[in-house]
Amino acid sequence: MIVVMKPGATTAEISAVIQRAEQMGCAVHPIYGESRTVVALVGDLTGVTREVFDAMPGVSQTMRIQEPYKLASRTARPDNTIIELEGGVRIGGPEIIVMAGPCSVENRDQIIEIAKAVKAAGGKVLRGGAFKPRTSPYDFQGLGEKGLQYLAEAREITGLPIITEVMTVEAVPMVAEYSDILQIGARNMQNYGLLQAVGKVTRPVMLKRGISGMIKELLMCAEYIVSGGNAKVMLCERGIRTYETATRNTFDLNAIPVLKETSHLPVIADPSHGTGLRELVPAMSRAAVAAGADALIIEVHPDPDKAMSDGRQSLTLEEFATLMGSLRRVAAAVDRFIDDAPTGEPAQAVKMAELIAA
Ligand code: PEP
Ligand code: MN
């Protein structure tokens, strides 16, 4: 159930509603939106009637939330959730945030070179895997904590916040110490122990859709994290498994407007894993922006053919800079924008050269 407060409701009126709900044994999640405050009541609501709250001062109306994902639902919070990172990057607002970096952190020089190029092209967040979920146990598993240290150093040099995957409950405190955003990978979407663990940290979480995950399952998994106490969750479409073999996964563009309509959480698109093929990444990046994604996460590598993972789907640094130019135009066409970096390839090339030389 949600209790919608009147636009001018006082702190005392909001507190009274929260107190009343707690007395009745509900788990209470106040949601402070721009236009109004909503108090979401979850848990066992047997015996909790709407009339109790309808009569309280400052209350506009009470509603039952039909969706099983109560806190992630747009009914609970009509305003978009905006997640702010240290350094002022805001995900979920009018600016489309581009996150980019290698699939895996391979060594110090590699991640620093990439970080500089990502920044020069207008990327706002650096990605890079230090703990890699590989299909084969014989493949490169990532550099572990060393990789996190290299990412932190790249952040220090460029100022870009970082996102990296956490695969186990035990690693959550360590990854949360280094990283600005915790990524839950597709293979772990329904790892409920891990979802509960990231529900207890203060870092934002990007939850990737499972390889065979339905949209409503993704939303239920987000609900685990939000109801666990961490409201800073982003939902990521990264392609699903279908009968189609022309691409690595089938990038489900539909999921973007579906998620935007049903949830207030920011929606991120991953066209790299969504397609598995470098030449398709620009088209699907533009499509994702046009479809309403709040951010993109893109794999890039200075020499993709030599990458230790996912080289086939990684853009070169130059391809990435070129893509940013066309993304700005698509963003403008849907009344959004991508950073304030100078547009046009010459300006970008100069900026990139300056940063790399620094
Ligand atoms: C990744 O981001 O490199 C990754 C492993 O993604 P996913 O979990 O979507 O396969
Ligand atoms: Mn990858």
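Ligands are counted one by one from 1 in listed order, and the atoms in each one are counted from 1 as well.
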Among the N, O or S atoms of E299, which one sits nearest to the Mn ion (ligand 2)? OE2

Determine whether M5 and F53 fall in the same hydrophobic cluster, where Ile, Leu, Val, Met, Phe, Trp and Tyr are linked whenever their side-chain heavy atoms lie under 4.5 Å apart. yes

Non-hydrogen atoms of C103 versus ligand 1: any pair closer than 4.0 Å? yes

Is the backbone of A154 close enough, under 3.5 Å, to the side chain of T158 for a donor and an acceptor to pair up by distance? yes

Between I225 and L219, is there shared hydrophobic-cluster membership here, with clusters defined by ILVMFWY side-chain heavy atoms closer than 4.5 Å? yes

Between the main-chain N or O of R241 and the side-chain N or O of T250, is there a donor-acceptor pair closer than 3.5 Å? no

Ligand 1 atoms nearer than 4.0 angstrom to some heavy atom of A186 are 7 (P), 8 (O), 9 (O)

Backbone or side-chain N or O of Q183 under 3.5 Å from ligand 1 N or O: yes

R187 heavy atoms, cut-off 4.0 Å: which ligand 1 atoms fall inside? 7 (P), 8 (O), 10 (O)

Work out the angle at the Mn ion (ligand 2) between OD2 of D310 and SG of C103, rounded to 10°. 90°

A student checking ligand 1 against R238 at a 4.0 Å heavy-atom cut-off should list atoms 7 (P), 9 (O), 10 (O)

Minimum-distance protein heavy atom relative to atom 4 (C) of ligand 1: H273 NE2, 3.4 Å

Shortest non-hydrogen pair, I31 vs A76, comes out as CD1-O, 3.8 Å

Would D270 count as being in polar contact with ligand 1, using the rule that some N or O on each side must be under 3.5 angstrom apart? no

What atoms of ligand 1 come within less than 4.0 Å of a heavy atom belonging to R127? 1 (C), 2 (O), 3 (O)

May I ask you to check if ligand 1 and E165 share an N or O to N or O distance below 3.5 Å? no

Is R209 close enough to touch ligand 1? Criterion: a residue heavy atom under 4.0 Å from a ligand atom. no

closest protein heavy atom to atom 6 (O) of ligand 1 is K208 NZ, 2.9 Å

Would you kindly confirm whether I184 and M234 end up in one hydrophobic cluster when ILVMFWY residues are joined by side chain heavy atoms under 4.5 Å apart? no

Where ligand 1 meets G185 - atom numbers and elements under 4.0 angstrom, heavy-atom basis: 8 (O)

Exercise: identify the closest heavy-atom pair between R155 and P161: CD-CA, 4.3 Å

